[in-house]
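As structure tokens, the structure follows; a few thoughts come after it.
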Amino acid sequence: MALADPDLSGSTAFITGTTRGIGKQIALALADRGCNVVSTGKTTDGDDSELEGTIEQTAREVRDRGPEALALELDLRDEARVEAVVEASIDRFGEVDVVINNASAIQLANVADLPADRFDLLTDVNVRGTHLVAHAFADHLAGLDEAWLLSNSPPVTTDRSPGKAPYAWSKLGMSFVTLSLAEELAGDGVGCNTFWPVTTIDTRATRYFGLGTEDDWRTPEIVSDAVLEILARDPSECTGNSFYDEELLREAGVTDLSAYNLTDGDPAPMSARLFDPEFEREA
């Protein structure tokens, strides 16, 4: 079976954290299917930063593919800015029918080792940021015939995560907000779901924090392909789910995932086991 190739012409996606990595790859994958993109993040062309990628660069690559793009600087900790950016997006495109909470802060540390300001960063960006975006878009999405709100966050499978509890709580909080919204918008044709990679994905954060080696990583394309599988469904029926990328691709009939690997190795399910130590792939 072939992977989903939804026609997203006429749709507009608002995506947080599009400067690089998974967020950028999702933006480009959606643009390849005709979707307009609102590219948001903190790194802009005007920044004196050594980090590769900016919101404007992603927007330019979207336009090179044909759709329209709008680059808006966004710090998810700033409530007024979130509201202003959402308003500007709706004013520009009229309708924003795909909202993807991708941006996250990460810090893997024991409770005893993580200072309060780092805990606040994880909370403010991940949980509170997801809430602010969902809050700002909820009524707009509910007023459309079909719409999506997706979050890059794991299934809620545990009540503890020693060694990384603050980060885990913030990522699980993203899922909790998203899945709760699925119930609150039930009957409004809004598909609220989470997606999460089984393996670690090759991103700047993965390399910075030394989360395994290239034998353990897959490319961001596996996540964007999984998101396309979701967007090919009926949002009124596909809501309230926490999906793993491998699960979505298996349902599409994909049995060989080696094309996403960085090396010839067999990546372990490190990302799934961050929050579900007992996770095992289906036979």
Side-chain angles (χ1 to χ4, degrees), residues 4 6-18 23 26-27 29-30 33-40 67-68 70 72 74 76 79-104 126-156 171-196 223-224 226-244 247-248 251:
D7 181 2
L8 301 177
S9 302
S11 290
T12 297
F14 178 100
I15 308 171
T16 64
T18 58
I26 292 173
L30 268 59
R33 276 77 186 173
C35 189
N36 302 321
V37 172
V38 181
S39 172
T40 76
E68 292 298 316
L70 177 64
L72 295 172
L74 176 61
L76 285 169
E79 179 181 3
R81 182 59 182 166
V82 171
E83 293 176 351
V85 164
V86 170
E87 182 177 353
S89 301
I90 295 171
D91 286 347
R92 169 68 179 274
F93 292 104
E95 294 183 355
V96 176
D97 53 342
V98 179
V99 175
I100 301 180
N101 291 299
N102 168 73
S104 289
N126 299 354
V127 187
R128 187 171 181 269
T130 295
H131 168 76
L132 290 178
V133 171
H135 169 75
F137 269 114
D139 288 343
H140 176 76
L141 295 174
L144 303 178
D145 291 336
E146 293 185 349
W148 296 96
L149 186 141
L150 309 177
S151 294
N152 184 2
S153 56
V156 181
K171 293 300 293 185
L172 296 172
M174 292 176 67
S175 297
F176 196 86
V177 169
T178 303
L179 299 176
S180 297
L181 190 65
E183 298 296 320
E184 294 173 6
L185 297 182
D188 288 318
V190 184
C192 301
N193 304 280
T194 73
F195 58 91
W196 190 247
V223 182
S224 62
V227 169
L228 291 173
E229 291 295 325
I230 298 174
L231 297 180
R233 302 184 179 192
D234 181 345
S236 64
E237 297 180 0
C238 179
T239 189
N241 304 291
S242 286
F243 293 112
Y244 283 118
E247 169 191 359
L248 287 161
E251 290 179 5

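The first residue of the sequence shown is numbered 1, and numbering continues consecutively from there. Values below: every heavy atom of this structure, side chains too, minus hydrogens, waters and symmetry copies.
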CZ on Arg233 to CG on Asn193, rounded to 0.5 Å: 8.5 Å

Just so I know, are the side chains of Phe195 and Asn241 near enough to count as touching, which here means a heavy-atom distance under 4.5 Å? no

Looking at Ser39 and Thr18, what are the two nearest heavy atoms and their distance? OG-OG1, 2.5 Å

Which heavy atom of Cys192 sits nearest a heavy atom of Leu185, and at what distance? SG-CD1, 4.3 Å

Please report the shortest heavy-atom distance between Val38 and Ser89, naming the atom on each side. CG1-OG, 3.4 Å

Search all heavy atoms of Gly23 against all heavy atoms of Ile15 and return the closest pair with its distance. O-CG2, 4.2 Å

Who passes side chain to side chain donor-acceptor pair (under 3.5 Å) against Asp234, sequence neighbours left out? Ser236

Ser9 backbone acceptor or donor facing Asp7 side chain under 3.5 Å: yes

Does the pair Leu141 and Asp188 meet the rule for a side-chain contact (heavy atoms from CB on, under 4.5 Å), with working shown? CA-CA 8 Å; Leu141 295 174; Asp188 288 318; over 6 Å; no

Suppose the criterion is salt bridge (charged side-chain N to carboxylate O under 4.0 Å, His left out): which pairs have a residue in residues 79-88, not counting sequence neighbours? Glu79-Arg128

How far apart are the closest heavy atoms of Met174 and Ser104, and which atoms are they? SD-OG, 3.7 Å

Min side-chain heavy-atom separation Leu76-Thr130 under 4.5 Å: no

Give the intermediate values and the outcome of side-chain contact (heavy atoms from CB on, under 4.5 Å) for residues Ile90 and Phe137. CA-CA 9 Å; Ile90 295 171; Phe137 269 114; 4.2 Å; yes

Contact summary for Glu95 and Leu144, nearest pair of heavy atoms: CD-CD2, 3.5 Å

So among Leu70, Val37, Asn36, Leu74, which one has a side chain to side chain contact (heavy atoms under 4.5 Å, CB included) with Phe14? Leu74

Do the side chain of Asn102 and the main chain of Gly17 share a donor and acceptor less than 3.5 angstrom apart? yes

Taking the side chain as C-beta and beyond, is there a heavy-atom pair between Leu248 and Ile230 under 4.5 Å? yes

For His135, is the NE2 atom crowded, meaning more than 12 foreign heavy atoms sit under 6.0 Å from it? no

Could you tell me which residues satisfy side chain to side chain donor-acceptor pair (under 3.5 Å) with Thr178, sequence neighbours excluded, listed by chain and number? Ser151

Can you tell if the side chain of Ser175 reaches within under 4.5 Å of the side chain of Pro155, non-hydrogen atoms only? no

Between Ser242 and Thr194, does a side chain to side chain donor-acceptor pair (under 3.5 Å) hold up when you go through it step by step? CA-CA 5 Å; Ser242 286; Thr194 73; 2.9 Å; yes

So, the side chain of His131 versus the backbone of Val177: is there a donor-acceptor pair under 3.5 Å, distance only? no

Per the salt bridge (charged side-chain N to carboxylate O under 4.0 Å, His left out) rule, what does the pair list look like for residues 130-151, sequence neighbours excluded? none

Can you check side-chain contact (heavy atoms from CB on, under 4.5 Å) on Leu150 and Val227, steps first, answer last? CA-CA 9 Å; Leu150 309 177; Val227 169; 4.1 Å; yes

Would you check, one step at a time, whether the test side-chain contact (heavy atoms from CB on, under 4.5 Å) holds for Cys238 with Trp148? CA-CA 10 Å; Cys238 179; Trp148 296 96; 4.0 Å; yes

Tell me every residue that passes side chain to side chain donor-acceptor pair (under 3.5 Å) with Trp196, counting only those two or more places apart in sequence or in another chain. Ser271

What distance do Asn101 atom CG and Leu149 atom CG have between them, rounded to the nearest 0.5 Å? 5.5 Å

Sequence-distant partners of Ser11, side-chain contact (heavy atoms from CB on, under 4.5 Å), two or more places apart: Leu8, Cys35, Asp97

